Amino acid sequence: AGDSWSDVLLMSGAAPGDLVRTLSRCLDALKQLGNVPYIPARGFDGDGVTIRTEASGLHPRIRALCRDAAAEMDRYPVKDIMPFEEDTEEDTEDDSSEEAEEEKENSDDKEVA
């Protein structure tokens, strides 16, 4: 599905982080465009009588192209493949004891001043 990451970097001339950010924004836009509803011009508003004079939204073929493009782009390095690790109870206990020590040091510094 396209060129290698090193080829794309070479062609773009952009820094890797800038290119990832730009492609991530494009991916987000494609995902949103792929979900825009389509209401055809020759349809009824639900009451069976009113006919709309113009269409709104994106044509289903364009939406499908956006979804396909987003699916192709949604991979490394644009999609971060490294998930966040869940905090364990030990990690949260360590964090709270460190915060308590910092607060104690800050209060000791204030007393001296």
Side-chain angles (χ1 to χ4, degrees):
D3 291 319
S4 70
W5 179 244
S6 56
D7 290 342
V8 172
L9 280 174
L10 194 64
M11 285 187 284
S12 71
D18 293 340
L19 188 57
V20 167
R21 185 183 65 219
T22 301
L23 292 175
S24 295
R25 294 179 78 180
C26 289
L27 175 61
D28 191 37
L30 285 169
K31 286 179 178 180
Q32 290 179 27
L33 289 171
N35 290 323
V36 172
Y38 175 67
I39 302 171
R42 295 181 185 206
F44 295 98
D45 276 338
D47 59 4
V49 179
T50 308
I51 297 176
R52 292 181 293 282
T53 57
E54 59 185 47
S56 62
L58 288 178
H59 192 275
R61 289 186 202 154
I62 296 173
R63 289 186 356 215
L65 286 172
C66 290
R67 286 192 297 269
D68 292 345
E72 291 292 324
M73 288 180 68
D74 200 10
R75 61 189 175 120
Y76 179 82
V78 177
K79 178 182 180 180
D80 189 9
I81 60 170
M82 296 186 65
F84 290 105
E85 293 182 13
E86 295 292 325
D87 288 336
T88 61
E89 289 182 29
E90 293 173 2
D91 291 341
T92 55
E93 288 174 8
D94 291 342
D95 291 343
S96 61
S97 63
E98 288 174 11
E99 289 173 5
E101 287 179 29
E102 286 178 20
E103 287 178 17
K104 183 180 177 184
E105 288 175 10
N106 288 339
S107 64
D108 290 344
D109 291 340
K110 288 178 185 176
E111 290 175 8
V112 171

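For clarity, every value in this text was computed on a predicted model and none was experimentally measured.
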Check the hydrophobic clustering (I, L, V, M, F, W, Y; side-chain heavy atoms under 4.5 Å; chains of links allowed) and say if [X] and [Y] are grouped together.
{"X": "L10", "Y": "L23", "value": "no"}
{"X": "V78", "Y": "L65", "value": "no"}
{"X": "L27", "Y": "L58", "value": "no"}
{"X": "Y38", "Y": "V36", "value": "no"}

Spatial distance of atom NZ (K31) from atom SG (C66) [nearest 0.5 Å]:
13.0 Å

Measure the spacing between NZ of K79 and OG of S24 and express it to the nearest 0.5 Å.
12.0 Å

I need the minimum non-hydrogen distance between [X] and [Y], along with the two atoms involved.
{"X": "A14", "Y": "L19", "value": "CB-CB, 4.3 Å"}
{"X": "L9", "Y": "P16", "value": "CD2-CA, 3.6 Å"}
{"X": "M11", "Y": "D3", "value": "CE-OD2, 3.0 Å"}
{"X": "C26", "Y": "M73", "value": "CB-CE, 4.0 Å"}

Any heavy-atom pair between the side chains of R63 and L33 that's under 4.5 Å?
no

Residue pairs passing the side chain to side chain donor-acceptor pair (under 3.5 Å) test with at least one member in residues 4-19, sequence neighbours excluded, are S4-S6, S4-D7

